[in-house]
Amino acid sequence: MSKEKSAADKLREELFVTNKHMAKVVGDEEINKAFDFCKGYMAFMKTAKTEREAVKEIEIMAAAKGFVPFVPDKKYKAGDKVIYNNRGKAVILAVIGKKSLSEGVRISAAHIDSPRIDLKPNPLYEDSEIALFKTHYYGGIKKYQWTAIPLSLHGVVVKSDGEKVEINVGEAEDDPKFVITDLLPHLAYSQYEKKLGDAIKGEDLNIVIGSLPLKDAEGGDAVKLNIMKILNEKYGIKEVDFRSAELEIVPAFNPTDIGFDRSLIGAYGHDDRVCAYPALMAALNIDEPEHTVMTVLADKEETGSAGNTGLRSAYLKNFIYDLAAAEGVPGYRVLSKSECLSADVNAGFDPTYPEVLERNNAAFLNRGVTVTKYTGARGKGGTSDASAEFMGRVTSILNKAGIPWQTGELGKVDEGGGGTVAQYVADLDIDVVDVGVPVLSMHAPFEVVSKLDVYATYRACFEFFKA
Ligand code: MN
Ligand code: MN
């Protein structure tokens with residue numbers, strides 16, 4: 001029984017913003033595509049738990065799609081696919097377009113580092129016949145969330161003879177794992193009195209790595225000695241080699257479906273691999289675009305994008321200048337005509353914690369790719385704030401392609417805030433806006449996203465490249 005719509009209802013439909021659940025807007029086919037796409041994403045997440053591992057995996061995937069290492073000074077032709085590896089921790093993929101570079105390039109930028117816990121340069125010690133690692137956390141973590149969960153160790157050690165040893169312990173089924181201990185509730189009366197942020201201190205994030213003494217060892221530190229012996233036998237390293245290492249502690253969980261309906265994904269490191277993967281797949285799946293397109297997957301976003309693998313470094317600009325020089329175009333002209341989607345996550349509206357987000361301007365799970373005009377904190381400090389013109393341009397691309405999208409704001413005004421790489425891309429004289437996937441429990445060891453949003457973000461990157 002269909003009821004005739006009233007004039008007011010028709011007018012509401014015509015004039016009001018309506019953000020609907022994607023499942024009410026798209027067909028079953030699109031939902032199936034989204035679930036399929038996310039199988040690939042979850043496989044990627046399983047192998048790419050650090051920026052270095054992500055770069056390795058991306059190089060393999062790119063090679064399979066015909067990408068070859070970038071050669072500066074080489075003149076490329078439309079359809080050529082190149083990849084530039086920045087020190088094993090960041091990467092740029094480019095597909096050369098039919099148009100001259102003087103018409104600018106289309107960039108999708110995301111980051112492949114995630115909040116985690118790094119080992120200190122002198123990490124190994126023994127206390128009370130337990131061997132432990134001292135750590136220094138990386139990025140904004142709620143420290144209490146990282147205790148009493150299984151952890152794995154990833155990274156590289158460069159030995160004094162220059163040999164590089166790769167370490168990955170705690171991911172294979174029968175691998176040992178590691179853990180940060182917490183107090184038992186029975187004896188936590190003083191801990192309970194502390195503020196949440198002070199209950200676990202940075203110096204409390206010590207990793208338990210063993211408890212057996214070296215057999216028949218005289219003197220102290222026999223457990224530490226036994227651990228060092230195991231490490232020496234397996235990796236050929238000595239204690240001094242920790243000083244020239246990058247060893248990262250991450251959760252030992254695998255990505256998994258969440259919910260009876262399997263609509264969500266729980267995983268470590270969605271921020272920002274949940275946008276890096278769609279941006280990557282857009283570059284891998286596009287052939288002979290009009291404009292030259294590039295996906296840049298950066299490191300160090302979680303600590304402010306400083307360092308030569310972060311986006312405040314010149315490597316993206318230099319890469320574009322190299323391409324421009326080969327075509328005889330001034331690099332800065334290419335930059336000023338270029339456009340970028342800064343693909344990063346936003347806070348998803350959490351019904352358990354509604355008080356920190358403002359409903360009219362928050363991003364909701366399953367409502368599609370989030371377009372975030374500005375981030376920042378305290379009066380838009382630390383954001384590039386996309387122009388009305390560029391917001392209009394990007395959202396018209398999404399509308400034309402029928403991609404569900406919503407807007408997002410990182411929390412209520414003066415509730416907190418944060419930034420993305422968008423501001424550093426804007427520094428290059430490029431038009432840029434943030435797009436991405438809303439996340440629940442952002443920066444926790446186990447974050448949650450919706451499969452439909454992941455797919456909408458992929459489609460957004462792909463259609464932007466095509467436009
Ligand atoms: Mn991020
Ligand atoms: Mn983050």
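Atoms within a ligand are numbered from 1 in the order they appear, just like the ligands themselves. Note that the structure is predicted; figures quoted are calculated from it, not measured. Quick note: numbers below take in every heavy atom, side chains included, and nothing from hydrogens, waters or symmetry partners.
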_Can you classify the ring geometry of F44 versus Y277 as parallel (below 30°), tilted (30 to 60°) or perpendicular (above 60°)?_
tilted
*What is the total of protein N/O/S atoms that are closer to the Mn ion (ligand 2) than 2.8 Å?*
4
*Using distance alone, with no hydrogens and no angle criterion, decide if K134 and N122 have a side-chain donor and acceptor under 3.5 Å apart.*
no
_Under a 3.5 Å threshold, yes or no: a donor from one side chain and an acceptor from the other, between N308 and S313?_
no
*Hey, what's the ring geometry for F133 with F242, parallel, tilted or perpendicular (30° and 60° as the breaks)?*
perpendicular
*Among V449, I265, L452, whose side-chain contact (heavy atoms from CB on, under 4.5 Å) with C38 holds?*
I265
*asked:* Looking at E29, I'd like to know if its CD atom is crowded, meaning that more than 12 non-hydrogen atoms belonging to other residues, nucleotides or ligands lie closer than 6.0 Å.
replied: no
